Structure formats: C-alpha cells, structure tokens
Visitor: 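Before we start, here is the structure in question, set down as structure tokens.
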There are 4 protein chains.
Amino acid sequence: MTTTKQRLFEATLKLASDRGLAELTVDDIAAEAGVAKGTVYYNFGSKDGLIDALLRYGVGLLAERLREHADEPDPVAGLEALVDTGLAFIAEYRGFSQILVSEMWRTPGRWHETLRPLREEVVSIVKDQLQRVADVGRLPEGVQVSTAAAGLFGTLLVVALDWQVFQPTRTRADVRDSVLLLLRGLAR
Amino acid sequence: MTTTKQRLFEATLKLASDRGLAELTVDDIAAEAGVAKGTVYYNFGSKDGLIDALLRYGVGLLAERLREHADEPDPVAGLEALVDTGLAFIAEYRGFSQILVSEMWRTPGRWHETLRPLREEVVSIVKDQLQRVADVGRLPEGVQVSTAAAGLFGTLLVVALDWQVFQPTRTRADVRDSVLLLLRGLAR
Amino acid sequence: MTTTKQRLFEATLKLASDRGLAELTVDDIAAEAGVAKGTVYYNFGSKDGLIDALLRYGVGLLAERLREHADEPDPVAGLEALVDTGLAFIAEYRGFSQILVSEMWRTPGRWHETLRPLREEVVSIVKDQLQRVADVGRLPEGVQVSTAAAGLFGTLLVVALDWQVFQPTRTRADVRDSVLLLLRGLAR
Amino acid sequence: MTTTKQRLFEATLKLASDRGLAELTVDDIAAEAGVAKGTVYYNFGSKDGLIDALLRYGVGLLAERLREHADEPDPVAGLEALVDTGLAFIAEYRGFSQILVSEMWRTPGRWHETLRPLREEVVSIVKDQLQRVADVGRLPEGVQVSTAAAGLFGTLLVVALDWQVFQPTRTRADVRDSVLLLLRGLAR
DNA sequence: AATGAATGAGACTTCATTCAT
DNA sequence: TATGAATGAAGTCTCATTCAT
C-alpha cells in the first residue's frame, strides 16, 4: 500500500461521512488528500476504481478484526466479543460504515456487485461463530444459522450507527448489552 | 394533496426502486409522472424540495400503517402484526426504504434534519407498542423500552432489505418469524 | 389609467432600481404589485408590453415637467430651471432613471426602438430651450444647438445619478450649480 | 494573464457589442473563444465571475490609456488628449462601455461593488489631469476639481455612446470638439 | 509517479407565456 | 377582469475523464 493510495483512502473516508458516494467528487477527494486530481486516475483508473478499492480495504479491515475472536474457547463469549468488536469498528470508522449502510442494499447500485462478495465474507465470519454456539446447543430450535448471521450483521451495523448519531451519550458497553439482550432470544 | 404532487410522488417512488436518489433525474421523474419538467419546480421549488416532501410523505404512509395495530387487544400479537406490516411496507416500497437506510444515519447529510423528526415519529409508534407489551409484564427486566424501539426499527428496515436483495426466495412469513424469534429474546 | 396598471408600474419601478430590466421577472413584479401573474398578461399582453408602457409613461412624465419652463421670459433662467427640474425628477424617480441609462444606448437592445422616439421628445424640449438661448445671442459661435441638446440630456442623467449614488451628501443646489458651470461654457 | 482567459475576455468583449450582459450566453462566449463551455467555469467559476473579471480587465485597459497623457507638458493639451483617447476607447469597445453605463449607477446591482473602486481609479486619473489645469490657473473660481472629474467621466461616457448610437455620422473630431467646448466652460 | 488545464455530456433551474376557470 | 397551475425552451453549472507535460 503506497502512501498516496493510503492518503486517498483516508481522504475519501473523511469526506464520506457527510455525503453519499455519488455526491463525493474526485476534486474534493484529491484536495482533501493534498494531491492533484490526475493522481487519483493514475493510481486507481477511475472514481469507481477508487471506491472499489476502498470498499475492499475497509471490509478487509473489519473482517480481520472480527476473525480475532474465532478461537475463543467459549462460543457464547466469542459471540459477545465479536459484537463488541463490531461496535468498536463502526464507531471508529463511522464514515465507512455509513457508506456500507448506504450502498449495501442499493440495487442495481454502482457498487452493489463489489459489495455482494464482501458482505458474504463478513456474514460468513458471523455465521461461523453462530455455528459454534449452535454446536454446543445454545441456539433454540428453528433458528437457521445462516439467516441469523445475515440478520445479526445488519442489526449490528444499524444499531451502532443509531447509537452514534441519535444516542451519542450512551456508552458502548450499554449498546453492546442491548444487542446481547436481543441475542439472548437466540442464544437463550 | 393535489393530484399533481401525488403523481410526482408516485413516479419518484416507482423510479427510486431501481436507483439511488442522486441517480434520479428530474427529467425522468417528470416523464414518469406525465408532466413537464417545469411542473416539478412549480410544485416543489427544487429537486431537493421534492425529495424532502417525498420523505415526509413516505414516512407518513409507513407511520399510518404501523399505527393500525395500536388497538390490538393482545399487546404481543399487536407487536407481531406491526412487524409484519413493516415488512410488507418495505417490500412494497423498496426504493423508498433504500433511501431511508441511505440517509437516516448520514450526518450532516442533506436530509438529515428532515429525517430526524420523521424517525422520532415512527420510533415512538414502535415504542408505544413495546410499552404495552411491557405493561403486561412480557418484557424482561433491564430492557429499556425506548432503546429497544429504536433498535427494532433499524433492525426491521435492514432485515427486510436484506431479504429483498440477498435472499429473495424467502417468504415474508419466514422473515417475519426470524424477526419474531429475535423479539422473543425481549418478549420472552 | 386603471388602478391595476398603476400598481404594476409602481411595482416595476420599485424593483427596477436594483436590477436590470432583463433581470426583472414577471413573477416578482406581480408579487410586488399584489396581483396574479396572469394579470400582467391580461393588462399588457407581455412583459415587453409592460416595459414599453412603463417607458412611455415615465418619459411622458419627465417631458411634461421639463416643458413647464418653456415660457420663462428669460431664456437663460429657463434653461437653469430646466436643469433643476431634471435633477429633481431623476432624484425622485431614481429607479426609472437607472432604467433609462441602462437601456438608452443598448443596441440592439429589446427596448431600444421604444426609447429612440422617447429620447427624441425629451431632447427636442431641451433643444427648444437652447435655441431660445441662442436666439438672444448667449451661445458662442460654433455650438450646434441639436448636438448640445443631446449632450446636455445625457450629462444631466449621468451627473444626477452619480450624485445620488456616489455623492449622496451633496445638495441638489450644489449639483445644479456644477451643471450650470458647465453650461456657462456654452452660455457664456 | 493566461492565453485562455485573454481569449475569453476578447470573445466576451466582441459579443458584448451586440447585446447586453444578461443576453450573453456562456455557450456563445465559449464558442466565440473557441474553447469548451467547461473552460469558462474552470477559469472563472461562474458567468458572474467572468463578468467580474472582465470589468476589471476592461477598466484597467481604459485607465492605462488615459494615463498615457499624464506627462503632457501643457496641462490643457493633456486634458484634450485625455478626452480624445476616452472617445476612441469607447468607440472601440462600445459593448463594454454600454455595460459600464448600464451597471455603474445600479445599486445594489450585482456588480456595483466591483465597479465602485474601478470608477474611483478612472475618476482619479481625470482628477489629476484637471488638477494640473487648475494649478496653472486655467480653471475658474468655484470649480471643485473632484466634482468636475466625476462629472467629466460620466459626460464623456454618455456623449460618446450617444454619438455611436444616435449620431453615427459625426466624426470623432467633431464630438471631441463638442466636449472640449463644454470644457472651455471650465478651462476658460 | 504525478500534474492540472481542458473537455462536454448531462444534470439542475429559470421564466415568459398559455389557458381553463 | 383576474387567476395561477402548468409548460418547455433555453440557460447555468457540475464533474468524471483525458492528455500533454
């Protein structure tokens, strides 16, 4: 990862908090990064190319963090740690998370095809963790692990953003407990 | 509500299923509504004015539907009906729901100040229903009704869109049961 | 002159101080006059029709006032009174005077053909007064009365506006004396 | 001054001879200059930005020419040369001069704040020349140099345009003599 | 590896005018 | 006599992209 690409990512992330991806201009991104406009095209070929790379980079970061709890001995504790880590990531990269929420379910949005496999990657991490919980019999009858994983991912995203935007005085621990309370519906 | 404004809303809603807000052109909206482009500006002043009015209109529609279950004798059944109605609305107005998800947590986005009170309205309907559940002792200790209401609204939105976009073969009843399963964590 | 037409004239005059005729919108004029837009078209047929009528009305007013000094026994005193009256008119109807200055020499401006004969009318009044001065031998050799009349009209307009806009603390008497000082170059 | 800006100025100046500022379109200006429409916006930000810069450019050109006579040994001859140069400039850049006359006394017009200091600059050049005339005792008692300078500038503008528009058969020498005849009222 | 002036398709917006009431 | 919703031609402006340096 060159310094220039890194700076362009950071500039895009910073600006994306306030506007949609479509509203972001290459001019603004370049100015924020302190490089010339042509540099974006030199490094990424197009605006879409930059966004594409950014989405992969950001989701990769998230996946990496979520995977850190894969080897927690207690599956339920692992799930709780995963939720906590997810909340922390979203709070730290709020602009990126807003992008995800904006673009994830937009179809046939410009970046939908990029996001589809990235979503798969993250959902599958959540799914693995849920499967471990199921394996020790802590999931009620009738819960489909894959369905629950998808739902948990979306809920995590949305609850975390709601916390940041509309309930900023709540603590992360408090929000985490709310989600876990929901989860107890699954994990008894 | 004049016929012309109504028609423009419906045209925008229809087109919004396929594209994002930024991708919609006033030309297309006017053509779809069967009026001249100037008519949009006569009625709403600007494209943003149209979107603003549309958000109020659409959320009003959703709120109206959700309120229909307020007098259900059994609070838990009322909550379940509310969830089902919410899913149906989102499936019917997918484009609009995508807009909601895109803009709701964008701050200081262009429509954030419009959406803030609209969100309050919907969340408060959910909250009232949850409160009735709490009043009959069907909510566990430690669940804050207002927090749970906000979370449930976001989750509903996101789970419904995920269903439409990534799991289109699932039935609505199936999705409803998934959400209710989650809810049982709250409503025992 | 009906009340409605009068009100539309006054509204146009008021708004024309700040903007050019081309920048004035029929919407704004109607709103300022407190009538509906269609009323402008009912009364004047078009925007150009309104402006046309306004120009004729305003120049008619000016001509009427300037003519009041035609029978002053002393030609030089009559000329001085004419200058004074002209200054007073321009100060009173500044917006209209700004229109005159803006459009008079714009060619092939939209209202040029309307203004040409109106200018003739005013210049000829000035010319008559100058001719009476010439008849008593108070004009130097070589001064062409018609040329001097045209020049005096323009100068009057411009000096008066300059007074109003850039030197508002000067008194009208002071400005009149300045112009008369110039005139003494002609009228010895 | 880049070549592109220069060409846009010249194109605008050329087109301004035939129409007013409001009638000029960016499309036409770009076409006349042989550049793409976007180039106007790249260089000046907006149509108003172009006009603003053009006013500064044009008045700078006028000021430069008027200053050329500052070192004429004979003050009265210098004043006459200044008048002659002014007439020549206005005849050459008629469209620009029409703009000046249209906007100079419009308050609070869009370009009034731009024109105010530009007018100061030109008036002060005239004033310096008049002062030199006064210093050699060729101005009558009671003539305020600064007032006379402002008046002379306006008169020059208006008489020159009147010549171009309504008396095109007169020669420049003839018009110059008319103005000088007026001036003799001041310069005896 | 980077630049930034230039481009032009395509968007948003204005506004004089019409016409059914 | 007056209204005002609707129109659409014509304008202003944006912005992803290119390319010579």
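Owing to the predicted nature of the structure, the values given are computational and were not obtained by experimental measurement. Below, chains carry the letters A, B, ... as their sequence lines are ordered, and counting in each starts from 1.
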Visitor: Salt bridge (Lys or Arg N to Asp or Glu O under 4.0 Å) with C/Arg110: which residues, sequence neighbours excluded?
Guide: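 Salt bridge (Lys or Arg N to Asp or Glu O under 4.0 Å) list for C/Arg110, sorted by chain: C/Asp48.
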
Visitor: Does a side-chain N or O of A/Asn43 approach OP1 or OP2 of E/dA2 to a distance below 4.0 Å, or not?
Guide: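 It does, given that an N or O in the side chain of A/Asn43 lies less than 4.0 Å from OP1 or OP2 of E/dA2.
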
Visitor: Rounded to the Å, how far apart are B/Phe44 CZ and E/dC12 P?
Guide: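 These atoms are roughly 15 Å apart.
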
Visitor: Using the salt bridge (Lys or Arg N to Asp or Glu O under 4.0 Å) rule, collect all pairs that involve residues 52-63 of chain C, keeping only residues at least two apart or in two chains.
Guide: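 For residues 52-63 of chain C, and leaving out neighbouring residues, the salt bridge (Lys or Arg N to Asp or Glu O under 4.0 Å) pairs sorted by first residue read C/Asp52-C/Arg56.
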
Visitor: D/Glu113: which residues meet the salt bridge (Lys or Arg N to Asp or Glu O under 4.0 Å) condition with it, sequence neighbours left out?
Guide: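 For D/Glu113, no residue satisfies salt bridge (Lys or Arg N to Asp or Glu O under 4.0 Å) once neighbours in sequence are set aside.
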
Visitor: Nearest whole Å is fine: how far is E/dA11 P from B/Leu50 CG?
Guide: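 Roughly 16 Å, once rounded to whole Å.
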
Visitor: D/Thr12: what forms a side chain to side chain contact (heavy atoms under 4.5 Å, CB included) with it, not counting sequence neighbours?
Guide: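 Once residues adjacent in sequence are excluded, the partners of D/Thr12 under the side chain to side chain contact (heavy atoms under 4.5 Å, CB included) criterion are D/Leu24, D/Ile29, D/Leu50, D/Leu54.
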
Visitor: Using 30° and 60° as the class limits, which term best fits the ring planes of B/Phe9 and B/Tyr57: parallel, tilted or perpendicular?
Guide: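 Rings of B/Phe9 and B/Tyr57: parallel, as their planes differ by under 30°.
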
Visitor: Hey, does the side chain of A/Thr4 come within less than 4.0 Å of E/dA1's phosphate (OP1/OP2), counting only N and O?
Guide: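 Result: no.
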
Visitor: Spell out protein contact along nucleotides 13-21 of chain E as letters: B when the base is contacted, S when just the sugar-phosphate is, - when no protein heavy atom is under 4.0 Å; keep the 5' to 3' order.
Guide: BBSBBB---

Visitor: In whole Å, what is the span from the CD atom of D/Gln6 to the P atom of E/dA6?
Guide: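 Going from CD in D/Gln6 over to P in E/dA6 covers 13 Å.
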
Visitor: Quick one: salt bridge (Lys or Arg N to Asp or Glu O under 4.0 Å) partners of C/Arg7, sequence neighbours excluded?
Guide: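 Residues passing salt bridge (Lys or Arg N to Asp or Glu O under 4.0 Å) with C/Arg7: none at all.
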
Visitor: For D/Glu103, check side chain to side chain contact (heavy atoms under 4.5 Å, CB included) against everything at least two apart and list the hits.
Guide: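 Result, side chain to side chain contact (heavy atoms under 4.5 Å, CB included) vs D/Glu103: D/Leu21, D/Ile99, D/Arg106, D/Trp111, D/Leu115.
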
Visitor: Would you kindly give the CZ-to-P distance between C/Arg7 and F/dT1, to the nearest whole Å?
Guide: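 Checked: the CZ to P distance equals 16 Å.
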
Visitor: According to side chain to side chain donor-acceptor pair (under 3.5 Å), does anything in residues 23-38 of chain A pair up with another residue at least two apart or in another chain? List the pairs.
Guide: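 Only A/Lys14-A/Glu32, A/Arg19-A/Asp28, A/Thr25-A/Asp28, A/Asp27-A/Lys37 qualify under side chain to side chain donor-acceptor pair (under 3.5 Å).
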
Visitor: Write down the distance between CG (A/Leu8) and P (E/dA2), rounded to a whole number of angstrom.
Guide: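 Distance check: A/Leu8 CG to E/dA2 P gives 9 Å.
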
Visitor: Could you write out DNA chain E as a dot-bracket string, with dots for unpaired bases, | for bases paired across to another strand, and Watson-Crick or G-U pairs counted at under 3.5 Å?
Guide: .||||||||||||||||||||

